[in-house]
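All ligand and atom numbering here is 1-based and tracks the order in the structure.
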Amino acid sequence: MSATYTLDTATSRATPTPAPMKRLTVPQIAGRKGGEPIVMLTAYTARMAQLLDPHCDLLLVGDSLGQVIYGLDTTVRVTLDMMCAHGAAVVRGSYHAVVIVDLPFGSYEESPEVAFRSAARVMAETGAAGVKLEGGVAMAPTVAFLAQRGVPVIGHVGLTPQAVNVLGGYGARGKSDAEFAKIVGDAKAIADAGAFALVVEGVVEPLARAITAAVGCPTIGIGASPACDGQVLVVDDMLGMFERTPRFVRRFDDLAVRIDSAAAAYAAAVRERSFPGVDQLYGAPA
Ligand code: KIV
């Protein structure tokens with residue numbers, strides 16, 4: 001279902017027509033284990049959130065915005081200020097999906113208390129329903145601390161991009177028996193600590209399957225397995241905004257090519273003075 005929007009400039013709320021579905025809740029998502037697959041995409045702006053919202057169960061304001069929006073080389077330099085600004089925009093642009101905001105590197109690892117302060121700030125400033133954080137066994141006490149204090153948490157195991165400097169790159173994880181077993185242990189620890197869902201990223205397919213069978217919460221795969229309880233992609237990857245398509249991405253459009261053509265057509269129209277045309281002018285042309 002697609003909607004049109006009227007912007008209320010006093011509140012910055014865009015009012016959709018037709019009236020939207022009621023927003024999903026965290027318990028509804030948690031209850032989807034083994035059920036209808038969970039649809040999740042990243043979103044970073046209000047307009048993109050409006051377009052994705054009717055089709056998604058979850059919108060993730062991922063710290064991938066570091067690369068996608070800000071042109072950074074990794075997510076390590078993403079700040080809480082960035083996450084709050086984009087999180088608020090995505091909440092304003094959505095009515096149906098549960099909005100989750102990534103806690104960026106450095107905002108939660110130090111202690112459960114630091115994590116709580118960061119999560120509380122994100123939720124208060126954005127209106128998001130919860131947060132996502134990366135890590136395994138070491139982060140389980142933090143997940144429990146947050147979950148017991150009213151912060152819904154999605155865990156993130158396998159390839160954890162914030163740890164790129166430790167991992168040494170973005171290759172798939174779980175190829176050795178030892179790493180396979182370690183990541184299953186990470187997933188169980190985070191799920192047992194109270195995460196309501198778990199992103200499983202960049203792992204060999206049998207590992208994603210094993211994690212999905214081992215944990216009680218829904219798993220959401222990216223570069224993982226169709227056996228996961230849901231799937232997530234970075235929206236710009238799925239729209240074909242970048243030249244490079246990682247193996248785990250399917251392009252559902254070729255937007256970069258279409259934008260390039262539109263920009264070229266605009267440039268040509270300006271240069272040959274065919275734009276603006278009569279239709280775009282106020283009053284009679286000179
Ligand atoms: O930051 C992000 O976009 C993510 C997804 C890739 C899961 O964490």
Side-chain angles (χ1 to χ4, degrees), residues 29 37-45 48-49 52 56-80 82-87 89-90 97-109 118-119 122 126 128 130-136 139 143 152-164 167 169-173 183 186-187 190 195-203 208 211-212 217-225 228-239 241-242 244-252:
I29 300 292
I38 296 166
V39 180
M40 186 184 197
L41 281 171
T42 66
Y44 317 107
T45 64
M48 188 58 86
L52 303 179
C56 291
D57 303 307
L58 284 163
L59 288 176
L60 173 66
V61 187
D63 62 353
S64 50
L65 63 73
Q67 289 109 321
V68 174
I69 303 285
Y70 289 94
L72 300 173
D73 55 349
T74 72
T75 55
V76 172
R77 285 160 62 200
V78 171
T79 66
L80 213 44
M82 290 176 186
M83 298 312 299
C84 285
H86 289 272
V90 169
V98 172
V99 177
I100 297 297
V101 177
D102 263 346
L103 290 183
F105 180 70
S107 73
Y108 64 95
E109 300 88 336
S118 298
V122 163
T126 67
V131 298
K132 177 168 80 59
L133 57 81
E134 296 183 7
M139 281 299 124
V143 171
V153 181
I154 295 187
H156 184 153
V157 299
L159 171 62
T160 48
Q162 292 177 8
V164 62
L167 299 174
Y170 295 100
R173 316 305 303 180
I183 295 173
D186 284 339
I190 295 296
F196 79 89
L198 197 56
V199 166
V200 179
E201 175 168 2
V203 297
I211 291 171
T212 301
C217 66
T219 57
I220 303 174
I222 173 165
S225 168
C228 289
D229 299 295
Q231 302 295 327
V232 59
L233 282 176
V234 168
V235 67
D236 292 61
D237 282 339
M238 163 306 251
L239 291 175
M241 283 291 284
F242 298 112
R244 186 178 159 271
T245 309
R247 180 188 171 88
F248 60 85
V249 171
R250 182 184 296 169
R251 285 184 180 217
F252 289 83

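Closest approach of V232 and I222 over heavy atoms only: O-CB, 3.4 Å. Here the closest non-hydrogen pair linking G158 and V203 is CA-CG1, 3.6 Å. Of all non-hydrogen atoms in P218 and D229, the two that sit nearest each other are CA-OD2, 3.2 Å. Across all non-hydrogen atoms, the minimal contact from V90 to Y44 is CG2-C, 3.6 Å.
Proximity of L65 to ligand 1, defined as any heavy-atom pair under 4.0 Å, is not found for any part of the residue. If you look at D63 next to ligand 1, the close heavy atoms, those under 4.0 Å, come from the backbone and the side chain alike. By the criterion of a heavy-atom distance under 4.0 Å, neither the backbone nor the side chain of L233 is placed next to ligand 1. In I222, the part holding a heavy atom less than 4.0 Å from any atom of ligand 1 is the side chain.
Backbone and side-chain nitrogen or oxygen atoms of D102 are examined, and one is located within less than 3.5 angstrom of a nitrogen or oxygen of ligand 1.
A donor-acceptor pair shorter than 3.5 Å can be found between the side chains of Q162 and D63. Between the side chains of T212 and T219, a donor-acceptor pair is found at a separation under 3.5 Å.
Proximity of F105 to T75: side-chain heavy atoms (C-beta onward) are nowhere separated by under 4.5 Å.
Interface atoms of ligand 1 facing T42, defined by a heavy-atom separation under 4.0 Å, are 3 (O). Within the listing of ligand 1, atoms 4 (C), 8 (O) sit less than 4.0 angstrom from a heavy atom of K132. For ligand 1, the atoms sitting less than 4.0 Å from at least one non-hydrogen atom of G62 are 1 (O), 2 (C), 3 (O), numbered in the order shown with element in parentheses.
In this structure, atom 5 (C) of ligand 1 lies nearest to the protein heavy atom L60 CD2, 3.7 Å. For atom 2 (C) of ligand 1, the closest heavy atom belonging to the protein is S64 OG, 3.3 Å.
Using a non-hydrogen distance threshold of 4.0 Å, H156 registers as a contact of ligand 1.
Atom CD of Q67 sits about 11.0 Å away from atom CG of D236, to the nearest 0.5 Å.
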